[in-house]
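Report on the following structure.
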Amino acid sequence: SHLSPTFLLPTRLTPAAHAALLAQLAAHNVPLTPTPSTASLFLADINTPTRCRFELRTRGIMTEPEPLLTAPLRVVKVAWFTECVKAGRVLPIEPWTVYTATVCAVVVTPGPSPERVRVKETVREKERKREREREKVQAEEEQRRGVMERARRDGVRNAEEDSRWRSERSEYKRSVYGTRVTDEIIKLSKSAGRGARPSTPEYEEERIKARGIDEMPEWVRRNVKLSCCRSTPADSPNADFIAHLHTIRDHRTLTSDEVGIRAYSTAIATLQAYPYPLISSSEIVLLPGCNVKIAALFHSWLSSHTDPKLRTVPDVEKLKLNENLVGLAMLHRIWGVGPETAREWWFVRGWRNVDDVVEYGWKGLTRVQQIGVKYYDDFQKPMMRWEAERIRDIITHHATLLLPGTTTILAGSYRRGSTSLTDADLLISHPDPTQLAPSFLERLVASLETEGCINYTLRLDRTAPPGRTLQTAMLVWQEQQYDDVRLRTLRLPGRNANVRRRVDLVVTRPETAGMALMRWTGGGTWVRDLKTWCAERGWRVGAEGVWERDGERVGGIDGGLRREGEGWEEAERRVFVGMGLEWRAPGERCTG
DNA sequence: TGGCTGTACTG
DNA sequence: CAGTAC
DNA sequence: GCCA
């Protein structure tokens with residue numbers, strides 16, 4: 001009661017905890033104020049003054065640090081209050097005070113009010129929780145019924161309902177019966193260990209129909225889980241089914257389900273590496289990174305239709321029709337808009353399309369989001385390989401003017417062989433380590449800007465702390481090729497109709513060229529597994545791809561560009577060797 | 001039952 | 001720190 | 001969601 005107007009900052013509090021605390025504060029007659037600008041005491045779960053200042057600033061309250069005795073405003077740990085309650089009396093506030101300050105200005109920001117922030121959190125959390133619950137229920141149901149049980153029952157029912165499946169030599173029939181039998185095998189071999197299979201005569205005939213562990217690729221038999229240790233081509237005989245897993249992973253992305261993203265990425269990478277058309281769900285369970293859930297999805301897909309071209313997974317189709325997800329995906333496609341922002345715009349602000357974003361929120365967007373919105377359409381358009389090559393040639397030209405002897409290579413999906421690209425990743429280096437000044441990237445970007453090739457710099461690593469060997473720039477590119485007719489007849493600068501492209505530049509010192517090339521060639525899961533591979537060996541990847549063990553550089557790994565005319569690929573090859581990995585052509589790293 | 005690749009910029 | 005990107 |  002003798003306290004000043006108090007505001008509870010919701011930062012880092014769950015909505016439930018926030019609400020509970022508010023109720024508790026009210027119950028103890030703490031004078032709560034609904035507007036932070038009128039408060040002089042803030043309760044918060046924040047540990048640093050810097051963060052306090054930031055939190056207040058986002059609420060339009062500009063502060064300067066001020067000594068405790070004279071400060072009119074202070075931020076205090078929530079724990080102070082809870083301790084007081086526990087002690088049954090008012091404890092000294094000083095030990096819990098994180099930040100003391102004076103207010104220099106209060107700005108009425110057009111941005112979200114604290115209340116909106118709170119609402120935002122609530123909605124977001126609810127959404128996530130709802131998703132989690134839904135999936136948990138679904139998963140439990142899967143477990144309860146059991147893949148095997150379901151496969152068997154469905155197989156029987158289908159066979160009885162439709163005599164076609166019995167009379168025809170349809171692949172479907174074979175697969176259903178194959179499923180039945182091999183599920184038995186899996187059950188046993190999973191528990192008894194790989195390769196342990198029942199050899200009773202009644203299985204002999206059936207085993208021919210479904211692929212057994214002995215007929216699996218070598219990496220399956222060896223249970224190789226990391227995609228960097230096997231070949232993953234771009235084309236898969238199971239592409240149709242894999243596409244459904246992609247849909248689920250996209251959903252997990254939009255709901256910020258990190259674990260789900262990881263799990264489905266692993267499964268996708270495995271199936272993408274699997275060279276045979278899948279016959280049964282039991283076959284899937286043998287694959288590393290795939291288990292009953294993926295098998296259930298496959299079974300669902302397999303039994304959805306006799307015609308492989310028309311097969312679907314009902315649960316996935318529901319996702320595709322979910323208008324919330326469709327909307328979120330659309331907003332998420334804006335460069336600079338991740339899952340959090342997409343959810344806030346869609347659920348809290350109610351923006352339904354990119355035009356809504358422009359109309360109602362333009363001023364509140366970050367700079368890169370504005371650029372992302374501006375070129376929304378262009379950035380969706382795929383780029384042909386020759387375009388990436390042109391970009392490479394132009395940049396190489398400029399780089400060489402700046403520094404003769406510069407060498408470049410296109411990485412990313414271009415190097416993996418994609419025919420259509422979403423961006424161009426260009427690596428730049430020089431065989432002589434003494435030649436690459438820390439400012440090289442900045443000067444190169446400046447040069448390209450002067451030339452008019454670059455519209456915007458989305459991000460640029462400025463001159464780096466000593467020891468950094470690698471710098472990146474993320475750019476918006478537009479080829480300077482004007483409308484010739486207008487230029488000649490009207491003598492006007494024609495309208496440049498060229499599509500804006502995303503271009504990433506990576507300048508690496510020659511010592512780390514091989515590593516950088518690996519990193520930027522991808523794909524995503526491949527690189528992740530590469531890091532896992534190294535972590536399993538006690539190796540660490542430094543920021544610029546320097547390989548260390550206990551602070552020492554790992555012996556034998558030499559991914560440097562050599563002066564003697566050796567190229568990028570050679571450098572990368574030596575990294576493979578040094579890490580004890582078999583060389584994989586870029587086209588075999590298509591982990592999706 | 002815990003852990004999941006790892007780093008850097010921006011606001 | 002949270003969000004985003006590679 | 002899968003694995004150790």
Side-chain angles (χ1 to χ4, degrees), chain A residues 9 11-12 44-48 50-55 57-58 111 117 121 124 132 135-136 138-139 142-143 190 223 225-228 245 248-249 252-253 256-270 284-285 287-297 332 334-344 364-369 372 411-413 422-423 425 427 457-462 464-465 468 470-474 502-506 515-516 519-536 539-546 591:
Chain A
L9 287 165
T11 314
R12 294 213 308 174
D45 185 20
I46 297 176
N47 297 318
T48 64
T50 316
R51 181 64 186 180
C52 293
R53 199 159 170 234
F54 173 76
E55 287 293 335
R57 199 182 48 178
T58 62
V117 170
E121 296 291 330
R124 188 186 298 167
R132 271 199 297 266
E135 266 138 26
K136 209 168 126 193
Q138 209 174 313
E142 297 291 6
Q143 295 284 355
K190 272 259 164 170
N223 199 21
K225 288 181 203 49
L226 301 180
S227 58
C228 55
L245 299 185
I248 300 179
R249 184 177 59 180
R252 302 299 192 263
T253 303
S256 294
D257 175 2
E258 299 301 327
V259 170
I261 296 169
R262 162 62 212 270
Y264 280 94
S265 295
T266 306
I268 288 167
T270 298
I284 288 196
V285 184
L287 307 180
C290 299
N291 210 320
V292 289
K293 178 66 187 192
I294 308 295
L297 287 168
H332 188 239
I334 301 171
W335 204 91
V337 175
E340 294 297 330
T341 310
R343 282 197 295 271
E344 194 207 318
L365 303 199
T366 67
R367 196 185 75 95
V368 295
Q369 285 167 350
S413 52
T422 57
D423 66 355
D425 299 300
L427 271 60
T457 302
L458 293 166
R459 216 196 74 184
L460 175 65
D461 289 2
R462 303 273 166 194
R468 285 257 322 250
L470 191 146
Q471 281 174 291
T472 63
M474 291 151 71
R502 280 274 304 105
V503 173
D504 287 348
L505 259 36
V506 180
M515 265 312 307
R519 163 68 181 74
W520 262 274
T521 297
T525 306
W526 195 89
V527 171
R528 200 193 55 206
D529 288 346
L530 184 72
K531 304 219 168 161
T532 304
W533 167 270
C534 291
E536 281 172 3
W539 300 342
R540 282 183 28 241
V541 191
E544 26 292 320
V546 178
T591 49

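Each chain gets a letter, A, B and so on, in the order the sequences are listed, and its residues count up from 1.
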Which pair of heavy atoms, one from [X] and one from [Y], lies closest together, and at what distance?
X         : Y         : answer
Arg249(A) : Ser265(A) : NH1-OG, 3.0 Å
Arg462(A) : Gln471(A) : O-NE2, 3.1 Å
Val368(A) : Gly336(A) : CG2-CA, 4.4 Å

Give the nucleotide from the list dC2(D), dC6(C), dT5(B) with an atom nearest to the side chain of Val292(A). dC2(D)
Counting only side-chain heavy atoms from C-beta out, which of dT4(C), dT5(B), dC2(D) sits nearest to Thr532(A)? dT5(B)
May I ask you to verify if any side-chain N or O of [X] is less than 4.0 angstrom from the OP1 or OP2 atom of [N]?
X         : N      : result
Lys225(A) : dA4(D) : yes
Arg468(A) : dC9(B) : yes
Arg528(A) : dT5(B) : yes
Thr366(A) : dT4(C) : no
Lys293(A) : dG1(D) : yes
Trp335(A) : dC6(C) : yes

From CG of Leu458(A) over to C1' of dT10(B), roughly how many Å is that when rounded to an integer? 12 Å
Atom CD of Gln369(A) and atom P of dT4(C) are separated, to the nearest Å, by 7 Å
Over all strands shown, is [X] touching base, sugar-phosphate only, or nothing at heavy-atom distances under 4.0 angstrom?
X         : result
Gly336(A) : sugar-phosphate
Val337(A) : sugar-phosphate
Arg502(A) : sugar-phosphate
Leu530(A) : nothing
Asp504(A) : sugar-phosphate

Quantified in whole Å, what is the P atom distance between nucleotide dC3(D) and nucleotide dT5(B)? 14 Å
Earlier contact from the 5' end, DNA chain B, for Val259(A) and Arg367(A): Val259(A)
Is it the case that the base of dC2(D) and the side chain of Arg262(A) share a donor-acceptor contact (distance under 3.5 Å, atom types as modelled)? no
Thr253(A) side chain reached by His332(A) side chain, heavy atoms, under 4.5 Å: yes
Within the 4.5 Å heavy-atom criterion, are Leu245(A) and Leu297(A) side-chain neighbours or not? yes
